[in-house]
Amino acid sequence: MNKIKITFPDGNIREYEHGINAYDIAKSIAEGLAKRVLLAEVNNKVVDATKPIHEDASLKLLTWDDREGKAGFWHSSAHLMAEALEALYPGIKFGYGPSVENGFYYDVDPGDRKIGDEDLRKVEVTMAELASKNSSYIRKEVSKAEALKFFSEKGDEYKIETINELSDGEISFYQQGNFTDLCKGPHIPATGLIKAIKLTSIAGAYWKGNDKNKQLTRIYGISFPRQKDLDEYLRMLEDAKKRDHRKIGKEMGIFTFDDDVGPGLPLWMPNGAVIIEQLEALAKKTEEKAGYSRVKTPHIAKESLYLKSAHLPYYEDSMYPPMDIEGVKYYLKAMNCPHHHKIFDAVPRSYKDLPLRLAEYGMCYRYEQSGELFGLMRVRSLNMNDAHIYCTEEQFGEEFKAVNDMYLHYFKIFNVEKYVMRFSTHDPQKLGQKYLDMPDLWKKTEDMVRRVMTEANIPFVEVKDEAAFYGPKIDVQIWSIIGREFTLATNQVDFGQPRRFNLHFKNKNNEDEMPLVIHRAPLGTHERFIGFLIEHYAGNFPVWLAPRQVTILPIADRHTGYAMKIFAELKDQEIRVELDTTSEKIGKKIRTAEMMKIPYMLIIGDKEQEEEKVAVRRHGEGDKGQVPVREFINKVVSESSIP
RNA sequence: GCCAAUGUAGCUCAGUCGGUAGAGCACAUCCAUGGUAAGGAUGGGGUCGCCAGUUCGAUUCUGGCCAUUGGCUCCA
């Protein structure tokens, strides 16, 4: 029998019997290793560890430490859950059951039965029992006819629909225990590897993600090869909850919601208003330097404006219903663009005016579906860091790049590192429906954007069919602490609205020419950006942003006079300072200030009073010793300046 | 909007198998004047999310609505 050569990642080559599998290879190296093997990467293809290898190959053994290993583990867990569900709910039908970033889910149709949170515990127990049987996941190639026969007899129309979309020859089943599923795999060797299981939540999910289809029951779960991994994961979730902007926002008095005001309409409390004003100061300073002009526009406008902009036919569902004023419909604005276009159009423009950059922190109102609202991240009243740049085609590249540079400038200030730049392009199939039917301009602008990003060496991912109806865009995607994805900032090209508004300028030859428009919002909206910042900093804002910068903590009543004197001096320098005159012990005052995450605490006692000093304590860091009052003021003032 | 769950004091949460409720923190007053994360005592505070229904009686049971939470869909 001829042998085959297996090349390992470290370059080592070993010879094995023809038809050996990755699991047995691992076993030949060490029993302990074999126990950890989940999948194998054979010639750069991820397959079952139990799949026989018939030729010389490179091999990487995949374990829990590999991303693919985890994915296979969770996907196999989804099958295990399906087995348990079928045992508990005979006749239950199955949709899709993939792994996700943190765990897995399976979409099921339990018929007339309802599955609630309490039922999940039963399912968990059944899963654990089935896992302990250590059944192997067995792959079987089947013909399309066989596959259809199997699921027709079983009566699972979702699987039949899926099979009908597949071609003969690429269909496989996986079986473990009494459960057989349509699946291309790969899977882990056996159920016994799954040692810890937690079914986390239950949700409705439309079949194939289309809200016209039937809604299935989606059960989410996560599993681990060791109990302690699950414990650690649950602990991590608890920690994440502590950073949640909704929790910290309440504790720090940043924002609130009220039933009488309405869902999705945040009320900014004094501490939140400070953050807003600091962000606006930053934006104004940055935009001033970058040659922007500021404008102000009303919160409502007549129907005709949004008919002209084409927003109304596209987005009426997302706008608050109109109010009727003397027979004319007025809408709350859902976007600032049309107003800015009107300002561009208010006077004749020359090429000498371009690029014209109109900026506004504009309040918009969007009637988001009730189920989509989420703390500050998804609201119905939003204050956008908006601006529209009107430029010629020649100027476009430079302007677009300048906007991206502005993003990066901000991200550096805020130390934002975990984000993805998403380049959203159109789908040529949908021209005239979802997208303006101007193929040449789509190609031209998308090429321009791609070139700008590539030349600036900014990493991005390109996603088809995500563009705005009027042009391609770059979105900055971020994640909330509980893992939801949001667009934090956006930079969009618009070749549609200039046409609809008939915007033009005189070029050098005294001819009318149409500008391109860039929509941009590097700081997104106050709502989402502050929600993001709260979680990003866990409430520990840098001094310039902190709603309250300094709190003065006198030790005894006899120090109040000196404390008030310092208080006045700090106030005089526009430092956001408080004075704690409650009759509590110093330990209690410190605890309160620490919990409010105030950057600086000044402890004032006999020693400080005599020496005209303050004892400085930094939030989260502890006692910093005594410094002269003047020195402290200078330090805070310099840390307070807008970056 | 759809699926699942939740809603008790300002906050975090107990509790009532139907007889209108309790703790800690916070707040107020008093005592204590204390040196780097909770000093002590006393006290005020709730139409038990809202509206109906069943009942002698509903915070508790039933229904509807509202809001929030986890998802789905959506996201200019």
Side-chain angles (χ1 to χ4, degrees), chain A residues 100 105 107 114-120 200-220 241 244 246-247 250-251 253 256-260 262-264 306 309-312 314-315 317-319 333-338 364 366-375 377-378 382 384 386 466-471 473 475 482-487 490 492 494 497 519 521 528 553-560 582-595 601-608 615-625:
Chain A
V100 289
Y105 68 76
D107 286 344
K114 280 221 182 316
I115 301 177
D117 279 354
E118 283 160 27
D119 303 316
L120 294 186
T200 45
S201 69
I202 200 157
Y206 301 103
W207 170 235
K208 293 185 168 172
N210 186 332
D211 62 0
K212 304 284 179 290
N213 288 343
K214 177 165 182 176
Q215 192 164 54
L216 305 179
T217 303
R218 177 170 295 179
I219 304 174
Y220 281 93
K241 274 190 198 155
D244 192 308
R246 294 167 294 187
K247 179 174 158 65
K250 188 186 272 180
E251 287 165 356
T256 188
F257 289 94
D258 184 276
D259 278 359
D260 285 326
Y306 303 111
S309 71
H311 282 109
L312 208 41
Y314 279 89
Y315 303 113
D317 287 349
S318 305
M319 294 176 76
K333 73 174 166 187
M335 63 290 298
N336 303 302
C337 351
C364 298
R366 297 180 182 181
Y367 189 69
E368 305 287 1
Q369 291 185 55
S370 57
E372 293 163 354
L373 301 175
F374 175 66
M377 300 299 224
R378 195 78 188 273
L382 37 144
M384 293 178 72
D386 213 353
E466 287 284 331
F469 74 89
Y470 46 65
K473 58 180 181 173
D475 287 328
I482 63 163
R484 261 203 231 183
E485 182 177 347
F486 289 98
T487 298
T490 188
Q492 313 178 348
D494 184 349
Q497 290 203 48
H519 304 239
R528 191 171 287 178
L553 312 177
I555 286 171
D557 287 349
R558 64 177 176 282
H559 308 121
T560 306
T582 56
S583 59
E584 294 292 347
K585 288 182 141 175
I586 193 65
K588 178 62 181 297
K589 291 185 184 184
I590 287 169
R591 182 180 152 82
T592 305
E594 287 283 358
M595 291 204 303
M601 288 149 271
L602 300 182
I603 288 93
I604 305 293
D606 292 336
K607 283 178 267 179
E608 289 74 22
V616 179
R617 185 186 163 99
R618 188 74 166 83
H619 168 67
E621 293 175 21
D623 193 358
K624 294 286 177 189

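Since the model is a prediction, treat every value here as computed from it, not as a measurement. Reminder, nothing fancy here: chain letters follow the sequence lines and each chain counts from 1.
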Exercise. Which of the following nucleotides, U73(B), A76(B), G35(B), is nearest to the side chain of Ile603(A)?
Worked result: G35(B)
Exercise. Would you say A76(B) has OP1 or OP2 under 4.0 Å from some side-chain N or O of Arg366(A)?
Worked result: no
Exercise. 5'-most contact on RNA chain B: Gly262(A) or Ile604(A), nearest heavy atom basis?
Worked result: Ile604(A)
Problem set entry | Euclidean distance for C1', C48(B) against C13(B) (whole angstrom) | 13 Å
Exercise. Rounded to the Å, how far apart are Lys247(A) NZ and G10(B) P?
Worked result: 18 Å
Exercise. Looking across every strand, which nucleic acid part, if any, lies under 4.0 Å from Ala593(A) by heavy atom: base, sugar-phosphate, or nothing?
Worked result: nothing
Problem set entry | Distance in angstrom units between Ile586(A) CD1 and A37(B) C1', rounded | 11 Å
Exercise. Which part of the nucleic acid, if any, lies within contact of Asn210(A), taking any heavy atom under 4.0 Å across all strands shown: a base, the sugar-phosphate backbone alone, or nothing?
Worked result: nothing
Exercise. Strictly by modelled atom types, are His559(A) and Asp606(A) linked by a side-chain donor-acceptor pair under 3.5 Å?
Worked result: yes
For this session: Please assess Tyr206(A) against Gln215(A) for the test side-chain contact (heavy atoms from CB on, under 4.5 Å), listing each intermediate value before the final yes or no.
Result: CA-CA 4 Å; Tyr206(A) 301 103; Gln215(A) 192 164 54; 3.7 Å; yes
Seminar exercise, completed: Out of G71(B), A76(B), U36(B), minimum distance to the side chain of Arg218(A) belongs to G71(B)
Exercise. Taking only N and O in the side chain of Tyr315(A), is any of them less than 4.0 Å away from OP1 or OP2 of C75(B)?
Worked result: no
Exercise. Can you check the His519(A) NE2 to A76(B) C1' distance for me, whole Å?
Worked result: 9 Å
For this session: Determine, stepwise, if the pair Lys333(A) / His311(A) fulfils side-chain contact (heavy atoms from CB on, under 4.5 Å).
Result: CA-CA 10 Å; Lys333(A) 73 174 166 187; His311(A) 282 109; over 6 Å; no
For this session: With heavy atoms under 4.0 Å as the rule, sort Arg617(A) into base, sugar-phosphate or nothing.
Result: base
Could you write out each protein N or O paired with an N or O of nucleotides 2-8 of chain B at a distance under 3.5 Å?
residue: C2(B); atom: O2'; partner: Gln215(A); partner atom: OE1; Å: 2.1
residue: C2(B); atom: O2'; partner: Gln215(A); partner atom: NE2; Å: 3.3
residue: C2(B); atom: O2; partner: Gln215(A); partner atom: NE2; Å: 3.0
residue: C3(B); atom: O4'; partner: Gln215(A); partner atom: OE1; Å: 2.7
residue: C3(B); atom: O2; partner: Gly204(A); partner atom: N; Å: 2.9
residue: A4(B); atom: OP1; partner: Lys114(A); partner atom: NZ; Å: 3.2

For this session: Check every strand shown and say whether Phe374(A) touches a base, only sugar-phosphate, or nothing at a heavy-atom separation below 4.0 Å.
Result: sugar-phosphate
Exercise. Is there a donor-acceptor pair under 3.5 Å between the side chain of Thr200(A) and the backbone N or O of Tyr220(A)?
Worked result: yes
Problem set entry | Inter-nucleotide C1' distance (C66(B), G49(B)), Å rounded | 7 Å
For this session: Assign Gly375(A) to base, sugar-phosphate, or nothing according to its heavy-atom contacts below 4.0 angstrom with the strands shown.
Result: sugar-phosphate
Problem set entry | Arg591(A): salt bridge (Lys or Arg N to Asp or Glu O under 4.0 Å) partners, not counting sequence neighbours | none
Problem set entry | Between P of A37(B) and CE of Met601(A), the distance in whole Å | 10 Å
For this session: Considering only atom P, compute the distance from G7(B) to C11(B) and round it to an integer number of Å.
Result: 14 Å
For this session: Please answer whether the main-chain N or O of Ala334(A) pairs with a side-chain N or O of Arg366(A) as donor and acceptor at a distance below 3.5 Å.
Result: yes
Exercise. Using a 3.5 Å cut-off on both pairing distances, which stems of three or more Watson-Crick or G-U pairs include RNA chain B?
Worked result: B:1-7 with B:66-72, B:10-13 with B:22-25, B:27-31 with B:39-43, B:49-53 with B:61-65
Exercise. With distance as the sole test, does Lys589(A) use its side chain to make a donor-acceptor pair with the main-chain N or O of Pro554(A) at under 3.5 Å?
Worked result: yes
Problem set entry | Spacing between Glu485(A) atom CD and C75(B) atom C1', to the nearest angstrom | 12 Å
For this session: With P as the reference atom in both, quote the distance from U60(B) to C51(B) in angstrom, rounded to an integer.
Result: 12 Å
Exercise. Given U68(B), A76(B), A38(B), which nucleotide is nearest the side-chain atoms of Pro263(A)?
Worked result: U68(B)
Exercise. So what does Glu608(A) touch, heavy atoms closer than 4.0 Å: a base, only the sugar-phosphate, or nothing?
Worked result: base
Problem set entry | Rounded distance in Å - CD1 (Ile555(A)) to P (G35(B)) | 7 Å
For this session: Tell me what Tyr220(A) touches on the nucleic acid: a base, only sugar-phosphate, or nothing, going by heavy atoms under 4.0 Å.
Result: sugar-phosphate
Exercise. What integer number of Å spans the P atoms of A5(B) and A21(B)?
Worked result: 30 Å
Exercise. Nearest of U33(B), A37(B), U12(B) to any side-chain atom of Met595(A)?
Worked result: A37(B)
Problem set entry | Check: Leu553(A) and Thr592(A) side chains under 4.5 Å, non-hydrogen atoms | no
Exercise. Which nucleotide, U69(B), U12(B), A76(B), lies nearest any side-chain atom of Arg246(A)?
Worked result: U69(B)
For this session: Taking atom P in both A37(B) and A41(B), compute the distance separating them and give it to the nearest angstrom.
Result: 22 Å
For this session: Give one of base, sugar-phosphate or nothing for Gly622(A), where a contact means two heavy atoms less than 4.0 Å apart.
Result: nothing
For this session: With sequence neighbours excluded, tell me which residues meet salt bridge (Lys or Arg N to Asp or Glu O under 4.0 Å) with Lys250(A).
Result: none
For this session: Produce a footprint string for nucleotides 39-44 of chain B: one letter per nucleotide, 5' end first; B if the base is under 4.0 Å from any protein heavy atom, S if only the sugar-phosphate is, - if neither.
Result: B-----
Exercise. Any side-chain heavy atom of Glu594(A) sitting closer than 4.5 Å to one from His619(A)?
Worked result: yes
Exercise. Heavy atoms under 4.0 Å, any strand shown: does Tyr105(A) hit a base, just sugar-phosphate, or nothing?
Worked result: nothing
Exercise. Which part of the nucleic acid does Lys624(A) contact within heavy-atom distance under 4.0 Å: base, sugar-phosphate only, or nothing?
Worked result: nothing
Exercise. Is there a side-chain contact between Leu382(A) and Arg528(A), using heavy atoms and a 4.5 Å cut-off?
Worked result: no
Problem set entry | Atom P, compared across C3(B) and U55(B): separation rounded to whole Å | 31 Å
Exercise. Taking atom C1' in both G35(B) and G39(B), what distance in whole Å separates the two?
Worked result: 15 Å
For this session: May I have the distance from Arg618(A) (atom CZ) to A37(B) (atom C1'), rounded to whole angstrom?
Result: 17 Å
Exercise. When the nearest nucleotide of RNA chain B is assigned to Asp244(A) and to Lys473(A) on a heavy-atom basis, which residue is associated with the more 5' position?
Worked result: Asp244(A)
Problem set entry | Which nucleotide in C74(B), G71(B), A76(B) has an atom nearest any side-chain atom of Gln492(A) | A76(B)
Seminar exercise, completed: Which of C72(B), C74(B), U12(B) is nearest the side chain of Arg378(A)? It is C74(B)
Problem set entry | Phe257(A) versus Gly375(A), closest heavy-atom pair with distance | CZ-O, 3.5 Å
Problem set entry | Whole-Å gap separating C1' (C75(B)) and CG (Leu373(A)) | 12 Å
Exercise. With sequence neighbours left out, what residues match Asp119(A) under salt bridge (Lys or Arg N to Asp or Glu O under 4.0 Å)?
Worked result: Lys122(A)
For this session: Classify the nucleic acid contact of Lys589(A) as base, sugar-phosphate or nothing, counting any heavy atom under 4.0 Å across all strands shown.
Result: nothing
